[in-house]
Amino acid sequence: MVNLAAIQLVSSPDPLENLTEVARQLQGLDKSSPCLIVLPECFACFGGSDKAQMDMAETLGEGPVQSALAELAIQHGVWLVAGTLPIKVPGKEKFSASSLLFAPSGEVFAHYRKIHLFDVQVADGTRTYLESRYTQPGDELVVADTPLGRIGMAVCYDLRFAGLFQAMGELDILVLPAAFTQVTGEAHWWPLLRARAIEKQCFVVAAGQGGEHANGRETYGHSTVISPWGDVLTSLAKGPGLVQARVDFDQMHEIRRNMPVGQHNQFRSKLIEFNS
Ligand SMILES: O=C(O)CNC(=O)[C@H](CS)NC(=O)CCC(=O)C(=O)O
């Protein structure tokens with residue numbers, strides 16, 4: 001059994017405040033099985049100015065937020081997907097929206113830089129988003145081969161690009177830190193997430209920002225754990241909280257035996273792997 005968990009936040013622009021909330025939510029974790037916890041996109045700083053994010057950007061492997069995260073992973077003995085953090089890109093002005101996977105040892109086991117940037121006019125005209133104005137896109141797929149299983153890493157808007165997940169090959173768990181808008185979340189969050197779980201025949205752990213933020217932005221929330229059959233095992237609509245589901249991978253192997261989608265897949269692609 002493995003406990004798959006997501007912490008939902010309504011992050012402020014203040015990293016200390018948000019890290020304190022993460023530490024508080026971790027107190028509710030069921031540690032009777034090995035745990036994987038996912039934090040939301042921009043968990044440490046959200047709803048402020050672009051400058052607030054630029055100012056807190058850290059160099060990979062050093063900085064107060066990364067140190068705090070490593071400490072939490074060690075303290076609780078868990079695998080921790082630290083949502084996204086602004087991480088400096090050598091030689092570039094912009095930072096990458098980096099999703100770091102911490103091992104229970106506190107080491108950064110894998111590092112995914114969000115590939116697809118959300119430069120979008122939201123349907124009801126509420127807001128125009130231009131993530132590329134301050135974020136450097138990544139260009140590598142990342143699958144972390146861990147003792148818990150093969151973990152595919154993606155962030156938020158990436159969810160809309162099915163080719164990304166096809167290219168990842170076989171996955172046991174897909175993690176998705178997110179900050180979906182209220183408008184697009186209402187319309188697309190569930191069909192996209194459940195489709196990914198079904199087509200990859202894997203568990204999906206999605207951690208969202210979920211509420212009203214300092215700059216008036218509304219995020220959709222609905223953090224969740226979804227089974228390889230597409231069932232929603234747990235979810236939380238809005239507000240800070242912890243969702244968790246102890247899962248048995250036998251169900252996943254049974255589904256794959258009966259419907260060997262992976263073997264029938266006619267598409268193959270190169271990918272970057274981080275191995276233990
Ligand atoms: O910009 C920030 O402060 C933090 N980053 C985000 O909130 C990102 C980019 S704006 N949000 C998304 O990608 C929403 C995707 C989405 O809602 C969808 O695909 O429907």
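Both backbone and side-chain heavy atoms feed into the values below; hydrogens, waters and symmetry mates do not. In each ligand, atom 1 is the first atom listed, and ligand 1 is the first ligand listed. For the single chain, residues carry numbers from 1 onward in sequence order.
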Taking only Lys NZ, Arg NE, NH1 and NH2, and the carboxylate oxygens of Asp or Glu, determine whether [X] and [Y] approach each other closer than 4.0 Å.
| X | Y | answer |
| --- | --- | --- |
| R256 | D172 | yes |
| K238 | E218 | yes |
| D50 | R133 | yes |
| E212 | R217 | no |

>> For atom 8 (C) of ligand 1, which of the options R160, E186, E41 provides the nearest non-hydrogen atom?
In response: E41
>> Given P86, A97, C42, C45, identify the one with the heavy atom nearest to atom 4 (C) of ligand 1.
In response: C42
>> Just to check, does Y220 reach to within less than 4.0 Å of ligand 1 when the distance is taken from its heavy atoms?
In response: no
Side chain, backbone, both or neither: the part of [X] lying under 4.0 Å from ligand 1 by heavy atom:
| X | result |
| --- | --- |
| W189 | neither |
| H188 | neither |
| F46 | side chain |
| A179 | both |
| K114 | side chain |

Going by atom types only, do [X] and [Y] share a side-chain donor-acceptor pair under 3.5 Å?
| X | Y | result |
| --- | --- | --- |
| Q209 | S11 | yes |
| S96 | Q136 | no |
| H213 | T219 | yes |

>> Taking the ring of F109 and the ring of F102, is the distance between their centroids below 6.0 Å?
In response: no
> Is the F180-Y157 ring centre distance short of 6.0 angstrom?
Replying inline: no
List ligand 1 atoms under 4.0 Å from [X], heavy atoms only on the residue side.
| X | value |
| --- | --- |
| C156 | 11 (N), 12 (C), 13 (O), 14 (C), 15 (C) |
| R217 | 2 (C), 6 (C), 7 (O), 11 (N) |
| Q53 | 2 (C), 3 (O) |
| Y134 | 1 (O), 2 (C), 3 (O) |
| Y157 | 13 (O), 19 (O) |
| T184 | 16 (C), 17 (O), 18 (C), 20 (O) |

> Got a sec: does the CD of Q27 have more than 12 other heavy atoms crowding it under 6.0 Å?
Replying inline: yes
> Taking distance alone, with no angle check, do Y129 and ligand 1 share an N/O pair under 3.5 Å?
Replying inline: no
